Amino acid sequence: MTETSSTPSTAGDAHEAPRGRLQRLMRYIPLVAPVLLWAVPCGVLLYTGQHWPLPVTLTATALFVIGLVGMPLAMARGHGRRQQDWAAIIGDTLLGSAWVLFVWSVLLGVLLRLALTVAGVGDGQDRARIVTWAVLGVSAVLLAWGYYEARRVPRVRRLDVELPRLGAGLDGTRVVLITDTHYGPLDRARWSERVCETVNTLEADLVCHTGDIADGTADRRRAQAAPLGTVEATRARVYVTGNHEYYSEAQGWVDLMDRLGWEPLRNRHVLLERGGDTLVVAGVDDVTAESSGLAGHGADLAEALTGADPDLPVLLLAHQPKFIDRAAAHGVDLQLSGHTHGGQIWPFHYLVRLDQPALAGLTRHGTRTQLYTSRGTGFWGPPFRVFAPSEITLLVLRAAS
């Protein structure tokens, strides 16, 4: 690998898009969402014709009230100024559980009750109680399965990506992508070791980490991140920041990754050369860097490509898929991103699509540019993945036939 570009520029070429009405409404979600997440399941499971014995109703209602009050308090203590891991674990688990209960209370509360009514099954109380047990059963199964999916070592997703400008000497280049490891309150040091062991079986030429390494500072999550130093690649290991680094002293993560042997591509590029052909491997800071107030941080693709031959193919690391518009404008051949988690807990992916142009997989943008969006290697917050499996990605670059 050959380094070519200079130190990161303080001037970013990104600009904040005007906020629409939907984005303004999003500001109120943290206030309204907890009430809806707990009140709707409470109403559907207890107060829509079930006529439970009074002790059952009072006990269950008290549990919902405890969840409604306790979840935001635990999350504030866990993710706020105090950063207490035990509180974050409780708050995040309650959040994921409440989301699953809410979704299936709405779906089964409407559809199953309608189906039972049309089929003439039982009276109103019978149908209401069937819905309650169905919601609780489905939610319990999905939460147990989702917890397993979140904590297991991701499966490897393999695909060939044809880049028309890629030289024949680089045909077959193996690029491994990990992203959104989110080392956090739940200690996953052993999981991190197993992920790195899996990566090392893939015989990668280039290993990329596209950000959101952890929730917490580098000093605090160092033990979980340390196995990244064991990752092997024949050419290079490269890294770009994600938005979560800017919640947790981003420069500390940049410095730690550098010490672990990864090259932070902060608005710069390196060259991958093989068989007489060359690939530009560029990276930019996350788009949230501009508003972080951290000196010298900001997404600047023009700076990242300074000095690169415009006729060479470009592989770009950018944490968020929505950077693809700028990548396409600069003629990038392939952008690698994460950030979306594939939605993480269905059907949250519908909300993700309001903010991002792609959820997962390979998509084309314009005549030249392709985008690969990973569903992420770890998980954020709630320790569940429902219909959004994690992944370690192996992309084999192919020259045009």
Side-chain angles (χ1 to χ4, degrees), residues 1 152-163 166 169-183 188 191-214 224-242 253 257-258 260-265 269-275 279-284 313-319 321 332-342 358 360-363 370-379 389-399:
M1 302 289 288
R152 69 167 173 80
V153 175
R155 301 176 185 93
V156 177
R157 186 178 186 187
R158 308 165 189 258
L159 70 159
D160 289 357
V161 181
E162 184 177 295
L163 302 181
L166 191 72
L170 288 163
D171 184 73
T173 297
R174 298 168 70 85
V175 178
V176 170
L177 171 61
I178 58 176
T179 185
D180 299 274
T181 42
H182 283 286
Y183 302 124
R188 286 179 287 151
W191 174 88
S192 181
E193 292 174 2
R194 294 171 65 197
V195 166
C196 296
E197 290 167 1
T198 301
V199 169
N200 287 341
T201 68
L202 301 178
E203 300 177 341
D205 298 300
L206 179 70
V207 180
C208 307
H209 195 307
T210 53
D212 279 8
I213 293 179
Q224 296 183 58
L228 291 173
T230 68
V231 168
E232 299 171 358
T234 62
R235 301 289 172 150
R237 298 170 295 174
V238 292
Y239 155 74
V240 294
T241 56
W253 280 109
M257 289 297 278
D258 189 34
L260 291 174
W262 292 68
E263 290 199 59
L265 296 183
H269 71 267
V270 293
L271 301 179
L272 192 156
E273 299 168 330
R274 194 178 74 178
L279 173 68
V280 177
V281 180
V284 292
V314 177
L315 171 66
L316 173 68
L317 278 61
H319 178 65
V332 167
D333 297 81
L334 175 63
Q335 175 179 313
L336 302 183
S337 297
H339 186 67
T340 69
H341 298 204
L362 190 65
T363 52
Q370 298 180 76
L371 165 68
Y372 185 81
T373 306
S374 168
R375 290 188 297 258
T377 309
F379 63 86
S390 55
E391 66 179 81
I392 297 168
T393 317
L394 171 61
L395 302 107
V396 181
L397 306 185
R398 295 297 182 187

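This one's a predicted model, so the numbers in the text were calculated from it and none came from an experiment. Throughout, residue positions are numbered sequentially from 1 according to the sequence presented. Hydrogens, waters and symmetry mates play no part in the numbers below; they use all other heavy atoms, side chains included.
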Open item on the list: Is it the case that the side chain of Arg274 and the backbone of Asp171 share a donor-acceptor pair, with hydrogens and angles ignored and the cut-off at 3.5 Å?
Closed with: yes
TODO: Find out whether Tyr239 and Thr210 are in side-chain contact, i.e. whether some heavy atom of one side chain is under 4.5 Å from a heavy atom of the other.
DONE: no
- [ ] For residues Thr201 and Thr198, report the shortest heavy-atom separation together with the two atoms involved.
- [x] OG1-O, 2.6 Å
Open item on the list: Counting C-beta onward and ignoring hydrogens, is there a side-chain heavy-atom pair between Asn200 and Val231 closer than 4.5 Å?
Closed with: yes
Open item on the list: I'd like to check His182 versus His341 (side-chain heavy atoms, cut-off strictly below 4.5 Å). Are they in contact?
Closed with: yes
Open item on the list: Can you list everything that forms a side chain to side chain contact (heavy atoms under 4.5 Å, CB included) with Thr234? Sequence neighbours excluded, please.
Closed with: Asp205
- [ ] Could you tell me which residues satisfy salt bridge (Lys or Arg N to Asp or Glu O under 4.0 Å) with Arg375, sequence neighbours excluded, listed by chain and number?
- [x] Glu391
TODO: With sequence neighbours excluded, tell me which residues meet side chain to side chain donor-acceptor pair (under 3.5 Å) with Ser192.
DONE: Tyr183
Open item on the list: For a side-chain contact (heavy atoms from CB on, under 4.5 Å) check, start with the C-alpha distance between Ile178 and Val199, then their side-chain angles and the critical distance, and finish with the verdict.
Closed with: CA-CA 9 Å; Ile178 58 176; Val199 169; 4.0 Å; yes
Task: Close side-chain approach of Arg174 and Glu203, heavy atoms under 4.5 Å - done: yes
Open item on the list: Does any part of the side chain of Leu279, heavy atoms only, come nearer than 4.5 Å to the side chain of Val281, both counted from C-beta?
Closed with: yes
- [ ] Can you measure from CG (Leu395) to CG (Leu336) and round to the nearest 0.5 angstrom?
- [x] 6.0 Å
Enumerate donor-acceptor pairs with a distance under 3.5 Å from any side-chain N or O in residues 153-161 to protein atoms, sequence neighbours excluded.
| residue | atom | partner | partner atom | Å |
| --- | --- | --- | --- | --- |
| Arg157 | NH1 | Tyr372 | OH | 3.2 |

Open item on the list: What verdict does the side-chain contact (heavy atoms from CB on, under 4.5 Å) test give for Met257 and Leu228, after you've listed the backbone C-alpha separation in whole Å, the side-chain angles of each residue and the deciding distance to 0.1 Å?
Closed with: CA-CA 8 Å; Met257 289 297 278; Leu228 291 173; 3.9 Å; yes
TODO: Kindly compute the distance separating CG (Leu317) from SG (Cys208), expressed to the nearest 0.5 Å.
DONE: 4.5 Å
Open item on the list: How close do Ser374 and Leu177 get, counting heavy atoms only, and between which atoms?
Closed with: CB-CD2, 3.8 Å
TODO: Kindly indicate whether the side chain of Pro227, heavy atoms from C-beta on, has any atom under 4.5 Å from the side chain of Val195.
DONE: no
Task: Atom of Arg237, atom of Leu260 and distance for their closest heavy-atom approach - done: NH2-O, 3.4 Å
Task: Distance-minimising heavy-atom pair for Gly283 and Val240 - done: CA-CG1, 3.7 Å
TODO: Please examine the side chains of Thr377 and Ile392, heavy atoms only from C-beta on, and report whether any two atoms are closer than 4.5 Å.
DONE: yes
Open item on the list: Taking salt bridge (Lys or Arg N to Asp or Glu O under 4.0 Å) as the definition, give me every residue that meets it alongside Glu193, ordered by chain and number, with sequence neighbours left out.
Closed with: Arg190
Open item on the list: To the nearest 0.5 Å, what is the distance between OG1 on Thr363 and CD on Gln370?
Closed with: 8.5 Å
Open item on the list: Side chains of Asp180 and His339: any donor to acceptor distance under 3.5 Å?
Closed with: no
TODO: Decide side-chain contact (heavy atoms from CB on, under 4.5 Å) for Leu272 and Leu206; before the verdict, give the C-alpha distance in whole Å, the side-chain angles of both, and the deciding distance to 0.1 Å.
DONE: CA-CA 9 Å; Leu272 192 156; Leu206 179 70; 4.2 Å; yes
Task: With sequence neighbours excluded, residues passing side chain to side chain donor-acceptor pair (under 3.5 Å) with Gln224 - done: none
- [ ] Would you sort out whether Val332 and Leu334 count as a side-chain contact (heavy atoms from CB on, under 4.5 Å), showing the intermediate values?
- [x] CA-CA 6 Å; Val332 167; Leu334 175 63; 5.6 Å; no
- [ ] Return the minimal non-hydrogen interatomic distance between Ala282 and Leu265, and the atom names on each side.
- [x] C-CD1, 3.9 Å
- [ ] Count the heavy atoms of every other residue, nucleotide or ligand shown that sit under 6.0 Å from CZ of Arg152, and state whether that count exceeds 12.
- [x] yes
TODO: Heavy atoms only: give me the nearest Gly229-Trp262 pair and the separation to one decimal.
DONE: N-NE1, 4.4 Å
Task: Pairing residues for Thr181 by the side chain to side chain donor-acceptor pair (under 3.5 Å) criterion, not counting sequence neighbours - done: His209
Open item on the list: Measuring only between side-chain heavy atoms, which start at C-beta, is Val175 closer than 4.5 Å to Val207?
Closed with: no
- [ ] Taking side chain to side chain contact (heavy atoms under 4.5 Å, CB included) as the test, write out the residues that go with Asp333, two or more places apart.
- [x] Leu163, Arg165, Pro313, Val314, Arg368
TODO: Compute whether any side-chain donor of one residue and acceptor of the other, for Ser337 and Gln335, lie under 3.5 angstrom apart.
DONE: yes
Task: Partner set under side chain to side chain donor-acceptor pair (under 3.5 Å) for Thr230, not counting sequence neighbours - done: none
